[in-house]
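Accompanying notes for the structure given below.
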Amino acid sequence: MAGYDFTAIERKWQDYWAEHRTFEVPNPGQAGFADKPKFYVLDMFPYPSGAGLHVGHPEGYTATDILARYMRMQGRNVLHPMGYDAFGLPAEQYAVEHGVHPRVTTERNIANIERQIKMFGFSYDWSRRVATTEPGYYQWTQWIFLQLFHSWYDPEADAARPIGELEHKLQRGQLMVDLGGNLVPPPATQRIEAIAGQPVGIYSWHQLTPEQRRGVLDNQRLAYQAEVPVNWCPALGTVLANEEVTNEGRSERGNHPVYRRPLRQWMLRITAYAERLEQDLAQVDWPEPVKMMQRNWIGRSTGAEVDFPLQSVADDEWFKGRSDDGFAPQPEDEVIRVYTTRPDTLFGATYMVLAPEHPLVERITTDGQRPAVEAYVQAAVHKSELERTAESKTKTGVFTGAYAVNPVTRQPIPVWVADYVMMGYGTGAIMAVPAHDSRDLEFARAFNLPVVQVVAPPAGEQWEGFIGDGTAVNSGPYDGLATPQFKQRITDDLERQGLGRGAVNYKLRDWLFSRQRYWGEPFPIIHCDTCGTVAVPEDQLPLVLPEMEDFTPSTSDDPDALPSPPLAKATDWVRTTCPACGEPARRELNTMPQWAGSCWYYLRYLDPHNRQRFVDPAVERYWMDGMGVDLYVGGAEHAVLHLLYARFWHKVLFDLGHVHTPEPFGKLFNQGMIRSFAYRDSRGVYVGYDQIDFREDGAYHRLTGEKLIESVEKMSKSLKNVVNPDEVIAQYGADTFRLYEMFMGPLEASKPWNTRDVPGVHRFLHRVWRMLMGSEDAAALLGESADDAVERALHRTIRKVGADVEAMRFNTAISAMMEFVNAVYKAGALSRDQAERFVQVLAPFAPHLAEELWRHLGHDASLAHEPWPRYDEAMTREATIELPVQINGKIRTRLSVAPDASQEEILAAALAEPRVAEQTAGKTIVKKIVIPGRLVNIVVK
RNA sequence: GCCGGAGUGGCGGAACGGCAGACGCGCGGGUUUCAAAAACCCGUCUGGGUAACCAGGUGAGGGUUCGAUUCCCUCCUCCGGCACCA
């Protein structure tokens, strides 16, 4: 008998699957398509880094592979694809340092990582492989960008609509434009103009010049350009996303200084989708922590906007005018509009604060205060937001010299400038209620501003700094109201008086979408002196990234240097003609961020070779039926950004009719991080595993003999605790690797890799092999007789493994299979028929071994599409079961009964037990509890 | 600071409110062997007892319940996320 030669077996079956295209699945309309229910199971595709796979990648991939193989056996059409997220800064950095083109390194890395992935025997449909860097792929990334560019968010429809519809509305006068270029409803009456006595700054479409019209439309697109404060890293020559900047205000890559600079950049209007991104989380089956993180990121809060008039204008007349006119839709020069979540504390607002960037600062600052204010604003603007928060321990600020009037107390209150107020949130101005806001209190204490109590806390709590709900005091007619009621009442009253209204705010900001890099998708945009910003026509896509010898960004130590994207050097490529007017024009020089390609790859897998469309509608309808991807597995590090960006794009595509589900990923699962033991000596120097003697009582340094300190850490080179999957597979095989990672613990838990545990599951596979194939020392247990206990154990195993796989409890599924094999060894035999069913159950976990055994059992074809074995509920029970009998909750004896015994029978049997009689003698039985199939509890007194 | 998640043998971890520690590692003993590896069998929470058995035990303290690792409250520790968001 041959031994279990996993190396040969695994190679053989991987070749077989590739040759027979076992896992390729046709689309509707293609040859061989069977009309069956679908299952779309997706992995987060990897970034092909030079380091290759670490043991964390295959953890999620194994889990999805088990599901994919199980679902195939359940008769589903399974879509299980893999690809590469291959644009990005690391490849470009490496290329610059080594003088190799990023395409070369990317292709090399993909080849290596694919070799590694294939070693595990995952059942991917490799014919659907994509890489975000292929022109045939990024053609459609560019196409989706153009959909964003050609759309605006129509608040009436609560959806994205073609920009042409907006133009139409403007032409017909259904919308107008104010001085700031914002859309406004047409004035209800002529009265407003009459009161003002001069133009009120609202224009109709026909009053605008062609350039102005273009500006208005450009300003409403979902992809638009705007001057925004960005993280500018001159040493890297690019702007960076917040997540690419460290807490110290330096670049994650290279540790270079990063500066906050207002620069004109491409933005995506994700904020228009804030409400729907928040609301629709209720429709998806995602881990609650991930939903929480997204809700947090979106940061929805409810409150009110309130106008505080400047003292110079706020006479009785002004207040009267407001109650006649109502709350104007846009802020005016004479009021400071604030957003607050606590309108009930309005009576306690004793001063106001403007963000340093607030446009009113310059207007209202008095001459006496101007030098101080200007110095403060200059300093604040030059700090990064990180610096501003890092120095948050002490509050700073300057008085503007101006006063505003509290709209309810009608008292003048001072207006300050301070950097603890952010221009990017709310209105960039706050009413400060030091009594009931800890930041305001800190500020008030620092600058000796008055603190007025307006909320009475529950008994026993200090009012100063109390921020919870309580009862109103010092609030005139509202005294005695509970906080929630007060909020509602005063919001209604302010609205009636034209001084405020209920409002919803979000922390979410628009998405900075451009990078000054070479290795990314070029924007399909052309700049024309006469026509402005013009889209590249769709039939000219893909706009291919130009081949360049020198793709290094221009870097600098000078914080004031301006970004100069590498594409600027491709002068022939940049020079083009305007698609609209045919005059000479220039291409956009920025490229898209790495997130772009990963925002929609799950859709391209559906139809990866389609040259006419990004995905065929019928194909999309089939595979995305229900709520899109049926199972999406990946690490929690993408809980916010990737998953939020992808949901956003999907919703835009949904609004425009290109996909038919409102959400892309119906079910999401986060695998836990695999960490590993790290060892360091008394000086804190980390020691690699090859330098360690593992003894019974701990780890010792092989050379010095010193006992080492053990800890569980993230795998990292510097901690010398990285486990390389290639080595584990070489030693134990892919089936063992898969089984080990699934057996370590719950998939969602973070858990330490322990190489010493790997032989345990390897031993199990050996036992399975010997059970059916025998060994030199022992014959196989395979026979013709079917043992009843084994048969019952098998039914239980089939049920348990099926249920566990569906619930993604792979660790206990494997335990159940181990128990079955132990039972077979105990019984000493199993029939061919039992062996076949067991091999089918094992197949999703250890597919190579299962295929080999399946063949040995006399089958010619792969078992990948065999049906999952059935079980009989009656056969999952033992012939007799043991029930514990408790007296007062303590087990005193056990009872053997038939599994279907009635409550009365069980109770009678229990009371007949000598141990029970002994324990209850001389006592009264007050209660008898019988849970059939569980236990008996007799309560005595 | 705020929001999540988790604390169970020497280790990884099991337990619809119902036999705590399944399964695996490690360890101890045995069978086999010239020997070793491998394999197979037995044991392995703690204390007491030859044993049957008794007592204690799931981070700490309280509560609900016939019964709590599981549900509720307070606290401690660790991990993850956000962080002047008005």
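Computation of the quantities below employed the complete heavy-atom set of this structure, encompassing side-chain atoms and omitting hydrogens, waters and symmetry-equivalent molecules. What you are looking at is a predicted structure, and each value in this text was computed from that prediction instead of being measured.
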When we call it a touch if two heavy atoms are under 4.0 Å apart, what does Lys928(A) touch: a base, just sugar-phosphate, or nothing? nothing
Nearest-Å distance for atom pair CZ/P, residues Arg675(A) and G12(B): 11 Å
Complement of U58(B), any strand, by Watson-Crick or G-U distances under 3.5 angstrom: none
Base C84(B) paired with Lys395(A) side chain (donor-acceptor, <3.5 Å): yes
My understanding is that only one of Tyr689(A), Phe737(A), Phe677(A) makes a ring-ring contact (aromatic ring centres under 6.0 Å, His included) with Trp753(A); could you say which? Phe737(A)
Expressed in angstrom and rounded to an integer, what is the separation of Lys751(A) atom NZ from A14(B) atom P? 10 Å
Searching all strands shown, indicate the nucleotide that pairs with C25(B) (Watson-Crick or G-U wobble; both distances under 3.5 Å). G10(B)
When you compare G4(B) with G56(B), how far apart are their P atoms, in angstrom units rounded to a whole number? 37 Å
Separation of Asn754(A) atom CG from G13(B) atom C1', in whole Å? 12 Å
Met818(A) CE to G13(B) P: how many Å, rounded? 15 Å
Tell me the interatomic distance from Asn822(A), atom CG, to A22(B), atom P, rounded to whole angstroms. 12 Å
Any-strand Watson-Crick or G-U partner of G17(B), both distances under 3.5 Å: none
If G80(B) has a Watson-Crick or G-U wobble mate with both distances under 3.5 Å, name it; if not, just say none. C3(B)
Rounded off to whole Å, could you give me the CZ-to-P distance for the Arg809(A) and A22(B) pair? 19 Å
Show, in sequence, the C-alpha distance, side-chain angles and deciding distance for Arg767(A) and Asn822(A), and conclude whether the side chain to side chain donor-acceptor pair (under 3.5 Å) test is met. CA-CA 9 Å; Arg767(A) 262 163 89 77; Asn822(A) 289 344; 2.7 Å; yes
What integer number of Å spans the P atoms of C71(B) and G10(B)? 25 Å
Pairing donors with acceptors under 3.5 angstrom, does anything connect the side chains of Thr271(A) and Asp510(A)? yes
In this structure, how many angstroms lie between the P atom of G18(B) and the CG atom of Asn888(A), rounded? 19 Å
CZ of Phe764(A) versus P of A22(B): gap in Å, rounded? 17 Å
U70(B) pairs with, by Watson-Crick or G-U criteria that keep both distances under 3.5 Å: none
Proximity to the side chain of Phe743(A) - top-ranked nucleotide from G12(B), A86(B), G18(B): G12(B)
So with a 6.0 Å cut-off around NZ of Lys928(A), is the heavy-atom count from everything else above 12? no
Looking at Asp757(A) and C25(B), is any side-chain donor or acceptor paired with a base atom of the opposite kind under 3.5 Å? no
For the residue pair Phe347(A) and Asn406(A), establish whether any side-chain heavy-atom pair is separated by less than 4.5 Å. no
Watson-Crick or G-U counterpart of A37(B), or none if no pair lies under 3.5 Å: none
For U64(B), which nucleotide is its Watson-Crick or G-U wobble mate, given both distances must be under 3.5 Å? none
